[in-house]
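The block underneath contains the structure these notes are about, expressed in structure tokens.
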Number of protein chains: 2
Amino acid sequence: MLDFHAALKKLRNHLKNNDLRFTNERLTILEEIFQFPPHFDAEQLFIYIRKKHNHISRATVYRTLDLLSQIGIIKKENLGKDYASYELDYKMPHHDHLICEICGKVIEFADDIIEKRQREISENNGMVMVRHQLQIFGRCKEHTE
Amino acid sequence: MLDFHAALKKLRNHLKNNDLRFTNERLTILEEIFQFPPHFDAEQLFIYIRKKHNHISRATVYRTLDLLSQIGIIKKENLGKDYASYELDYKMPHHDHLICEICGKVIEFADDIIEKRQREISENNGMVMVRHQLQIFGRCKEHTE
DNA sequence: ACATAAAGTGTGACTCAGTCTCAATTTAAC
DNA sequence: GTTAAATTGAGACTGAGTCACACTTTATGT
């Protein structure tokens with residue numbers, strides 16, 4: 001699992017290799033992401049960051065989220081809301097999500113049987129699979145009557 | 001698979017049972033949905049309908065899409081865009097989607113192995129599954145180099 | 001067919017997430 | 001320290017979708 005220092009190194013590396021600048025804003029945003037819950041929304045994060053660093057703009061937060069996604073430090077996810085969610089990109093190569101409809105709790109899982117079956121289904125339908133996403137919505141222990 | 005007359009009957013029934021009105025607008029929108037590709041976006045549909053029936057407003061189209069979703073005539077789907085897609089709600093009870101990243105073609109599939117495995121995964125994680133969605137993105141025959 | 005009450009409609013203002021422009025600032029590299 | 005190029009903040013803008021409300025239409029009882 002990616003820790004802050006590994007992420008920072010990855011970021012600096014990417015910036016250097018692409019003639020991009022290592023800015024205070026980018027550092028701050030990366031730091032704050034690591035303070036934040038592992039699954040989060042851009043706007044939530046922006047509001048949180050804005051409170052602590054009132055010079056950082058929405059545009060910069062969104063731009064940085066895009067940047068970090070490209071590098072593979074975070075990952076844009078659809079978690080059933082009508083806006084994007086992000087998560088820290090753990091080492092687990094593919095994983096999908098169980099989401100509690102009541103409390104929003106997110107559990108990650110990876111399953112070989114499903115992965116394999118997806119590849120088979122793609123082939124059977126004449127497609128080459130590039131990526132996939134699976135969300136299971138339900139109720140967690142605390143929210144089942 | 002649901003045909004227009006079955007859908008219309010379902011709609012009239014629901015309206016009657018819920019003290020709602022059968023309006024020209026609702027009829028027109030239902031008719032146009034059946035003229036349209038089986039997977040569509042609200043805004044696309046609105047523009048198409050607006051051309052032919054220039055008195056029908058965006059609000060009515062969106063309201064009717066919600067209504068038809070509640071009844072189960074259409075279904076709101078996430079097909080990887082950052083706005084909602086809809087599809088005619090076929091009889092196939094659960095199905096998921098293969099989506100070509102290049103041309104947007106959508107293929108439907110249902111798979112017992114995956115369905116079963118999802119239930120197992122939910123249980124193993126202490127959740128009761130309510131619904132799920134799986135999208136496989138890839139390239140269809142015509143768009144594989 | 002007609003009156004009536006309740007539901008539905010169109011308009012346009014609004015929201016919300018996200019993007020864009022551009023002048024001013026900051027960074028990296030010499 | 002200079003300089004060119006990258007980055008930033010502000011706020012205007014976009015696009016999907018929602019909302020309020022005056023006006024219209026429907027369903028029902030007569």
Side-chain angles (χ1 to χ4, degrees), chain A residues 8 11-33 39-71 74-86, chain B residues 8 11-33 39-71 74-86:
Chain A
L8 184 56
L11 172 60
R12 292 197 97 121
N13 239 26
H14 175 90
L15 296 175
K16 179 143 267 176
N17 295 338
N18 291 274
D19 191 29
L20 302 172
R21 307 287 149 82
F22 183 78
T23 64
N24 279 324
E25 289 77 6
R26 285 171 175 165
L27 172 59
T28 301
I29 292 167
L30 186 65
E31 283 171 347
E32 296 299 353
I33 286 173
H39 294 90
F40 61 92
D41 306 330
E43 198 66 18
Q44 262 176 31
L45 178 71
F46 164 62
I47 293 167
Y48 173 77
I49 287 180
R50 195 66 197 253
K51 270 187 204 135
K52 299 172 76 174
H53 313 273
N54 73 15
H55 70 99
I56 295 186
S57 70
R58 167 185 277 104
T60 297
V61 171
Y62 277 90
R63 284 187 286 231
T64 303
L65 289 173
D66 279 350
L67 176 70
L68 296 176
S69 301
Q70 284 163 36
I71 303 177
I74 61 177
K75 200 167 168 198
K76 207 173 191 169
E77 286 290 342
N78 176 310
L79 298 182
K81 308 187 182 173
D82 40 7
Y83 45 88
S85 300
Y86 289 87
Chain B
L8 183 56
L11 172 60
R12 293 196 97 121
N13 239 25
H14 175 89
L15 295 174
K16 179 142 266 175
N17 296 339
N18 291 275
D19 192 29
L20 302 172
R21 305 290 148 82
F22 183 77
T23 65
N24 279 324
E25 289 78 6
R26 284 171 177 166
L27 172 58
T28 301
I29 292 167
L30 186 64
E31 283 171 348
E32 296 299 354
I33 287 172
H39 294 91
F40 61 91
D41 306 330
E43 199 67 16
Q44 262 176 28
L45 179 71
F46 165 62
I47 292 167
Y48 173 76
I49 288 180
R50 196 63 195 255
K51 272 188 204 134
K52 300 172 74 172
H53 313 272
N54 75 13
H55 70 98
I56 294 185
S57 70
R58 166 185 279 106
T60 296
V61 171
Y62 278 90
R63 284 187 287 230
T64 303
L65 288 173
D66 279 349
L67 176 70
L68 297 176
S69 300
Q70 284 165 34
I71 304 178
I74 62 176
K75 202 167 166 195
K76 208 173 191 168
E77 287 289 345
N78 177 309
L79 297 182
K81 308 187 181 173
D82 42 7
Y83 46 87
S85 300
Y86 290 87

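So that the names make sense, note that chain A is the first sequence line, chain B the second, and so on, each numbered from 1.
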Out of D:dG9, D:dG17, C:dT19, minimum distance to the side chain of A:Ser57 belongs to D:dG9
Which part of the nucleic acid does B:Arg26 contact within heavy-atom distance under 4.0 Å: base, sugar-phosphate only, or nothing?
-> sugar-phosphate
Between CD of B:Glu43 and C1' of D:dA16 the distance, given in whole Å, is 6 Å
Separation of C:dT11 atom P from B:Arg58 atom CZ, nearest Å, is 11 Å
### Query
Hey, does the side chain of B:Arg50 reach the backbone of B:Ile56 with a donor-acceptor pair shorter than 3.5 angstrom?
yes
>> Using only modelled atom types and a 3.5 angstrom limit, is any donor from either the side chain of A:Arg63 or the base of D:dG9 paired with an acceptor on the other?
In response: yes
Q) Between A:Thr28 and A:Lys52, is a side-chain contact (heavy atoms from CB on, under 4.5 Å) present by the stated rule, with each step listed? A) CA-CA 10 Å; A:Thr28 301; A:Lys52 299 172 76 174; over 6 Å; no
Between CZ of B:Phe22 and C1' of C:dA6 the distance, given in whole Å, is 18 Å
With the side chain defined as heavy atoms from C-beta on, A:Arg21 is closest, among D:dA5, D:dT26, C:dT11, to D:dA5
Taken to the nearest whole Å, CZ/A:Phe46 to C1'/D:dG9 is 10 Å
Answer yes or no: does a side-chain N or O of A:Arg50 lie under 4.0 Å from OP1 or OP2 of D:dA10? yes
Q) With side chains defined as the heavy atoms from C-beta onward, is the minimum distance between A:Arg21 and A:Asp19 less than 4.5 Å? A) yes
Against the side chain of A:Tyr62, the closest entry in D:dG9, C:dG18, D:dG17 is C:dG18
Rounded to whole Å, CD1 of B:Ile56 lies from C1' of C:dT9 at a distance of 10 Å
A:Leu27 CG to C:dA28 P, in whole Å, measures 12 Å
On DNA chain D, more 5' by nearest nucleotide between B:Lys76 and B:Thr23 is B:Lys76
Here the distance between atom C1' of D:dG17 and atom CZ of B:Phe40, to the nearest Å, is 15 Å
Quick note, A:Asn24 side chain, CB onward, closest among C:dT27, C:dG10, D:dG9 is C:dT27
Inset, instruction - Indicate, with a heavy-atom threshold strictly under 4.0 Å, whether B:Asp19 touches base, sugar-phosphate, or nothing. - result: sugar-phosphate
Separation between NE2 (B:His53) and OG1 (B:Thr60), nearest 0.5 Å, reads 13.0 Å
Side-chain atoms of B:Ala42 come closest, of D:dG17, D:dT8, D:dA6, to D:dG17
>> Does B:Lys75 have more than 12 heavy atoms from other residues, nucleotides or ligands lying within 6.0 Å of its NZ?
In response: yes
Per atom distances to the A:Thr60 side chain, the nearest of D:dT8, D:dA27, D:dC19 is D:dT8
Note: for A:Glu25 and B:His55 on DNA chain C, the residue whose nearest nucleotide lies more 5' is B:His55
B:Leu20 atom CG is separated from D:dT28 atom P, nearest whole Å, by 11 Å
